[in-house]
Amino acid sequence: MKNLLWSVLLWGWAASAGAQSSTVCNADGTVTFRYWNKSAKTVSVDVQFAGRHAMALDADSVWTATLGPAAPDMYPYCFIVDGVSIMDPANPNYFPNEGFKNSLLEIPGNGTLPHDICDVPHGRMEYVHYYSKSLGGTNNAVVYLPPSYMSEQQKRYPVFYLISGTTDTEEVYYKVGRVNYILDNLIASKQAKDMIVVLPYGNPTKLQPRRQEGDGMPQTHFGGDVFSLDLINDLMPYIEKNFRTKADRDHRAIGGFSRGGNQALYNGLANLDKFSYLCSYSSFTSTDIPGVYDHAAETNKKIHLFWLGVGTDDFLYGNARDYMQFLDDKGIVSVKEFTNDKFGHTWMNAKYFLSKTLPLLFNKKAAEEARKTAKPAPAATGKEPQFTPGVMARMFPRPIISPDYDDQGVTFRFKAPDAAKVELECEMLSEPILMTKDTSGVWSTKLTDYLFDTFKYCFVVDGTRVADPCNMFLSPDQGFKYSIADNPASPFNFASQGDIPHGRTGYDLDRREAWYMSPMSPRRMTFPKFIQLVPGKGDTMESWFKVGGADAIADRLLADGKTKPCIMTTSNLDFMGQSGMPQMPGFSPKVLRADDYPTWTQRRRALTKLLIELGKEPNPTFPGGGGMWGGPGQPEN
């Protein structure tokens, strides 16, 4: 029955085309960028492989530039319109981040790159939410399950905790780092072990409902911080309770990029009773961890793999090299890798380093061979760049909070000292409203209504729409990507839901399909209610969840006893009555179409009403079975 219900979700899914990007990859390796804007005075394109270049305007108000050639890979880029950075409104693919808003350009490798999407079995990506006592609220993570996870129900798996960099969200190692596709390819070619990969959010204080200016600044010290406490005391127990893991130090690895590498090394070295594989990509960590560095022989016995990679053109190269030298001097064995052709501190390096380490994880023989051939740190030249507090302050200035909620309303802020006019545009307003500028060049306005509504908004800067650079929550639209205003204190926001069971949400970026499964009772088998959520015009398969909050609404209502277990999907369920599949008793999928409601507030209310109505209907049960997909606190087997 469990497998039958999974086939219900998977059978009949078909790919749907997303919006067409304005970027064109030419046969000679160059890339042509196009951007339409008839009101802009100057436009440049800023792309990682070429830097910033002015664009030329044609008679049709299209700005163009051809750059390159560039090697096949993935590159972030943006347009600079009259001094303001914006994403490419014609590109559906973007870089998830707390601050900067970039689009993603992919120059395909045609199967030659580790992250290429190849014709191999693919794993699953699940978005999970869990109550964190350390944070005092709900935290987020993304989980990769290998292709065999659903078919081999008795199998347990090692776990790799993989942390993104400074200002990144938990999605970045998925949507930019492509860990799932890299691992799919390696598993298919038998170069890597089957494993679960957990992608935590490295800066969880930004999720708290009430923050002060400066909260959520990048961390520079670890040990006793909220992230570390959450990782060890909340996230790891959640993963081991809800997934089929091998819960011992020989089957746990931890790694990360940039700040995530620092977090990974510190927490790995401080918890060698829990981790035996440590990886750092473009990073370093504290040289003061008690009981580790001054006991080299004992430490070397505990660590199966200590892997460090950095680019020689990385601004962290000096610090990373010094740390490698420190380990060598202490007699602690580390495997080192260097690059000089991937533009320094970039996700091109992060993906490359990941492809080099995944084959060594949970493979003691391969890891030992790598340790035997480990080379010493390169000699210092005295010219290596160093990451100082001053550099930190320049790269990460104190953030502006927007949207900023209080009991009276919500304030929006945007810094644009040179702009002549900035307006707030949102779906709750019939027309944009003018914002006012202070002496520091920050424009602001406050809405006293809509405090607990969820809505899309943007700033209009001298006629050009701009997403809020201070808000990491973006609406995953096909075209221009609006920011999302969603009060963390709302009862249907994960941040304020408290210690309740949560379902899982997954997105298939290839099929352009999404699904949600609510937590199920472990006591007896039940058929859940099925709901088809139809995206609206301009929406994507992520919209009903990331803007509509469908998963948070279902979790809250289920915890309050106002609805029953359900499966919600953007997949078309009409095929079930025509496919010859066995019909399930009482199966009657409900359909909710976004375009039937003009705003996301109305859509959320319609979904809430539907879920409450379904909660009053009888639900066929099948006694004697275990919990479907595992109930709260139950392993999935």
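Just the heavy atoms: all of them, side chains too, but no hydrogens, waters or symmetry mates, feed the values below.
More than 12 heavy-atom neighbours from other residues, nucleotides or ligands sit within 6.0 angstrom of NZ on Lys155. Applying the 6.0 Å contact sphere to NZ of Lys546 captures more than 12 heavy atoms from other residues, nucleotides or ligands.
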- Task: Give the intermediate values and the outcome of ring pair (Phe, Tyr, Trp, His ring centres under 6.0 Å) for residues His129 and Phe494.
- Result: CA-CA 8 Å; His129 306 275; Phe494 283 116; 3.5 Å; yes
- Task: Report the C-alpha distance between Tyr127 and Glu171 in whole Å, list the side-chain angles of each, state the deciding distance to 0.1 Å, and finish with yes or no for side chain to side chain donor-acceptor pair (under 3.5 Å).
- Result: CA-CA 9 Å; Tyr127 285 55; Glu171 288 190 300; 2.5 Å; yes
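Side chains of Ser258 and His345: a donor on one and an acceptor on the other come within 3.5 Å. Side-chain contact annotation: Asp230 with Asn139, donor-acceptor N/O pair under 3.5 Å present. With no hydrogens or angles considered, no side-chain donor-acceptor pair links Asn493 and Ser496 at under 3.5 Å. Between the side chains of Gln497 and Asp555, no donor-acceptor pair is found at a separation under 3.5 Å.
Within the model, atoms OG1 of Thr285 and CG of Asn262 stand 4.0 Å from one another, a figure rounded to the nearest 0.5 Å.
Between Asp499 and Lys133 there is no salt bridge, since none of the side-chain N atoms of the basic residue sits less than 4.0 Å from a carboxylate O of the acidic one. Remark: Asp453 does not engage Arg604 in a salt bridge, criterion side-chain N to carboxylate O under 4.0 Å. A salt bridge links Glu298 with Lys302: the distance from a Lys NZ or Arg NE/NH1/NH2 to an Asp or Glu carboxylate oxygen falls below 4.0 Å. Looking at Arg252 and Glu240, a side-chain N of the basic residue comes within less than 4.0 Å of a carboxylate O on the acidic one, giving a salt bridge. A salt bridge links Glu368 with Arg371; the closest basic N to acidic carboxylate O contact falls under 4.0 Å.
The two residues Leu474 and Ser483 come nearest to each other via the heavy atoms CD2-OG, 4.1 Å. Across every non-hydrogen atom of Ala374 and Ser334, the tightest pair is CB-O, 3.3 Å.
For Ala377, the side-chain contact (heavy atoms from CB on, under 4.5 Å) test picks out Arg321, Met324, Gln325, Asp328, Lys336, with sequence neighbours left out.
Aromatic pair Phe95/Phe100: centroids less than 6.0 angstrom apart. When ring centroids are compared, Tyr181 and His122 come within the 6.0 Å threshold. Aromatic ring centres of Trp544 and Trp515 lie farther apart than the 6.0 Å criterion allows. Residues Tyr323 and Phe284 keep their aromatic ring centres 6.0 Å or farther apart.
Each ring pair (Phe, Tyr, Trp, His ring centres under 6.0 Å) pair with one or both residues in residues 160-179, not counting sequence neighbours, appears once here: Tyr173-Trp347. Within the structure, salt bridge (Lys or Arg N to Asp or Glu O under 4.0 Å) pairs that include any residue of residues 271-294 comprise Asp294-Lys330 (at least two apart or interchain).
Cation-pi check for Arg124 over Tyr144 is not met; the charged atom does not lie both under 6.0 angstrom from the ring centroid and within 45 degrees of its normal.
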